[in-house]
Amino acid sequence: MRALAAFATALILAGCAWIDPATHVVEEISPTILMYLHQSEDAELESTIVVPAVKNENKQVLTARGKMLKETRLKLNFRHSRELKSGQLRMLFLSEASARGGIFPCLNTLLLDQEISDRMYLAVVRGDFTGFLREQIRLQKNYDRILYKRFRHYEHQLSSRNLHFFLRDYYSPYADPRLPLFEVRDGQMIYVGTALFLDDRMVGAIPGEADPFFQMIANGRGYFPNIPLPEQDVVLGKVTTDRKIKYDAKKEGIVITVHLEGQVDEYTGDRNLGDPQEADRFIRGLKEDLEERILEMVRSLQELSVDPLGAGLSTVTLFRERFPGGEWRKRWPELTVTVRVDLGLNNLGMSKPEE
Amino acid sequence: MRAEERGAAGGLWPASLGWLFVNRLQVAFYILFLPHVLLYPYMIWAIVIVGVLSHFNLRLLAGWMRTEEARLGYEGFVRLLGERAARALAVPGAAAVLLDSAIVTLDYLEVTHHVLFPSAGKLTLLPLLWLAALYLAGQGMLLAGRFVVIAFVGSVWIAALFVQFLFPPVAEYRFLLPVFAGEPRGDLALILPTVWAALSGPQYLAFVARRFAPAGGMFRWLALGNALSVLEYTLFFLAVTLSFGTEYLRKIDYPVVQLIRYIQLPFFERLETILLPAHMILYVFLDAFFILFLRDALRVAAGAARKPDRPRWLMAAAVLWVAFVYVIGRFFWTTEPQHRLWIRVHTWLSGTLYALLPSFLALAAVRRRRRRDGP
């Protein structure tokens with residue numbers, strides 16, 4: 001009797017199908033992992049998804065238009081034979097036009113949807129992404145999964161951001177959100193830098209060449225397999241960075257210190273790095289160059305009055321907020337910024353100095 | 001043989017069960033809810049300070065539980081207050097137990113509905129929960145009380161999953177600043193009672209003192225449970241504050257559940273589908289416990305406390321309980337403001353009971369002893 005009761009309980013509890021009005025056998029639903037939203041000014045919202053295949057079907061790319069996000073979802077549902085589910089939604093791509101127009105309404109809708117995980121990656125795309133997807137899905141059947149793997153792999157290198165981090169920066173009075181920026185060009189999807197947001201609107205971008213320097217100061221710790229510096233005829237390799245941002249209350253300025261360690265992977269200049277004095281001069285030049293680049297970038301951020309570094313957080317002390325309310329936003333563009341780079345290169349890529 | 005072990009063999013709870021009771025009774029409801037109220041970093045001190053206050057309150061409670069009257073059960077209350085007063089007080093007592101358990105249960109049902117079963121009604125789970133609680137209550141107070149061990153083991157491990165949120169990359173330590181606020185922000189008149197209510201629950205032990213084996217050191221066990229609760233609240237508070245920050249936290253209904261949803265194990269995601277049902281073990285225990293209290297209160301109120309117990313009292317209590325929960329859930333818990341109102345009601349009800357009951361009973365016992373020993 002007891003065993004029977006236990007069995008019955010397990011049956012009832014394990015299959016909640018009788019609670020839910022609809023059955024969710026996997027062949028009856030379409031858990032999509034990728035969504036693309038595009039909205040140009042005054043036009044309708046256009047939402048595109050990749051529908052997974054069951055058995056011998058082909059993957060499909062579906063698009064629907066509507067005034068609101070969930071409305072397009074319903075329209076997509078009407079268009080497809082299986083019910084679309086967003087429980088597995090892992091990536092949301094936003095067109096540059098919609099990013100510049102403000103994306104908070106969409107993100108809020110997605111945040112409220114309990115099916116959708118906060119780990120969903122966000123990215124901004126330039127160009128005709130819908131057409132690109134159609135093409136790629138035809139060529140490589142699993143393209144949506146491949147894209148997902150790409151995001152996961154580069155989680156700590158590119159400005160790969162998920163919904164949680166985006167909204168955290170969005171709500172914080174001391175930071176502004178950022179997203180990776182991709183461009184579709186010649187049938188390829190290229191990482192072209194970081195999109196910068198003021199509130200929920202994209203206001204600018206860090207170009208791809210400068211992106212490593214941005215990552216260096218945007219994240220507390222970082223690792224870069226390579227940092228090319230063509231102007232200095234050098235490529236740094238295996239670079240680990242550690243940055244600190246401090247607020248100097250006396251001078252009313254921000255001090256950014258980057259501790260950078262690595263080696264010289266490639267050098268095409270004509271200095272003799274085997275000579276300690278020459279090497280010293282070379283390293284000093286490199287250090288000044290890095291400091292200048294980073295400073296220039298921070299200035300450009302100040303011009304846009306965005307703070308994707310979260311520099312504002314460093315102004316809060318144990319006892320008080322120096323810039324409470326929205327004060328930080330107003331002060332950030334005017335602050336003086338000092339950048340210091342500690343450069344430690346442990347292998348100059350040349351043969352050892354002669355004894 | 002030590003007294004404690006003899007107690008266990010003689011059909012009593014060993015005193016060491018006390019900390020499990022205190023901890024689970026305190027944590028059950030507020031662990032999901034409290035971090036939503038404590039928005040600002042400096043409020044971590046509120047948890048600690050109120051925890052210390054609760055510690056002293058538990059000392060009163062343990063003092064009461066040691067008295068002869070407490071050990072006598074119903075007869076003890078009759079000695080203290082007189083039969084008429086004891087019977088009269090059983091009615092508001094039953095109402096308080098009903099309200100307390102109804103709010104706690106409905107809040108859990110609301111969360112599961114919102115997160116797990118949005119397509120099924122909120123009260124769909126109620127019959128299941130009720131049956132489980134009824135079954136447990138049917139085993140009698142002794143076994144239902146011992147179930148606290150299983151409730152503890154079944155739900156305490158959830159806290160371990162939150163340790164990862166104390167470390168980067170999710171944790172941003174600077175969200176904890178300013179931790180010593182010069183001018184406190186937020187409504188302290190709301191927050192302190194809520195933290196106090198979050199540590200309430202052990203007051204119910206005042207009525208089951210006779211179930212514990214008469215071993216010394218009861219207070220030490222109760223204090224241990226209290227300390228563990230404070231530790232758990234601090235952990236959850238830190239995890240939530242470090243991963244969301246004040247401003248974002250303000251916008252989220254259940255930050256703890258949201259964080260559970262963020263956990264991603266290499267082989268498993270969407271842990272809330274496991275964690276929320278696991279949390280239900282706790283509610284089965286609580287509801288069984290409350291149904292038994294309700295039964296005893298009904299018997300006392302009806303003047304049947306001295307007669308032998310019959311199953312129909314339990315059935316009456318269980319039906320009353322489920323009907324009450326259903327009516328509240330169906331008609332008075334449909335909108336967000338109502339939800340907030342009920343939680344406010346729970347805060348004040350439970351907090352007041354916890355603040356007043358132990359001291360009231362301890363005082364009454366002292367007064368009686370004086371009167372007896374005096375002229």
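Remember, predicted model here, so these are calculated numbers, not experimental data.
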ask   = Side chains of B/Asp107 and B/Tyr254: is there a donor and an acceptor less than 3.5 Å apart?
value = yes

request  = For chain A, find which of B/Gln264, B/Glu247, B/His114, B/Glu172 contributes the most heavy-atom pairs closer than 4.5 angstrom.
outcome  = B/Gln264

query = Applying the side chain to side chain donor-acceptor pair (under 3.5 Å) test to B/Thr334, which of B/Glu336, B/Arg330, B/Gln338 qualifies?
reply = B/Gln338

ask   = With a 6.0 Å cut-off on ring centres, are A/Phe166 and A/Phe197 close enough?
value = yes

message = Just by distance, no angles: are the side chains of B/Tyr262 and A/Asn162 close enough, under 3.5 Å, to form a donor-acceptor pair?
response = yes

message = Does any backbone or side-chain atom of A/Tyr174 lie under 4.5 Å from a heavy atom of chain B? Answer side chain, backbone, both or neither.
response = neither

request  = Sort B/Arg250 into side chain, backbone, both or neither according to what part of it lies under 4.5 angstrom from a heavy atom of chain A.
outcome  = neither

Basic-acidic side-chain contact under 4.0 Å: A/Arg329, A/Asp307 = no

message = Tell me whether A/Arg90 forms a cation-pi arrangement with A/Tyr148, defined as NZ or CZ under 6.0 Å from the six-membered ring centre and within 45 degrees of its axis.
response = yes

query = Given that the side chain runs from C-beta out, which part of B/Val257 has a heavy atom under 4.5 Å from chain A: side chain, backbone, both or neither?
reply = neither

note = Applying a strict 4.5 Å limit to non-hydrogen atoms, the region of A/Asp113 in contact with chain B is backbone

key: Part of B/Thr246 lying under 4.5 Å from any heavy atom of chain A   = neither

request  = Check each atom of A/Arg168 against the heavy atoms of chain B and say whether the ones under 4.5 Å are side chain, backbone, both or neither.
outcome  = both

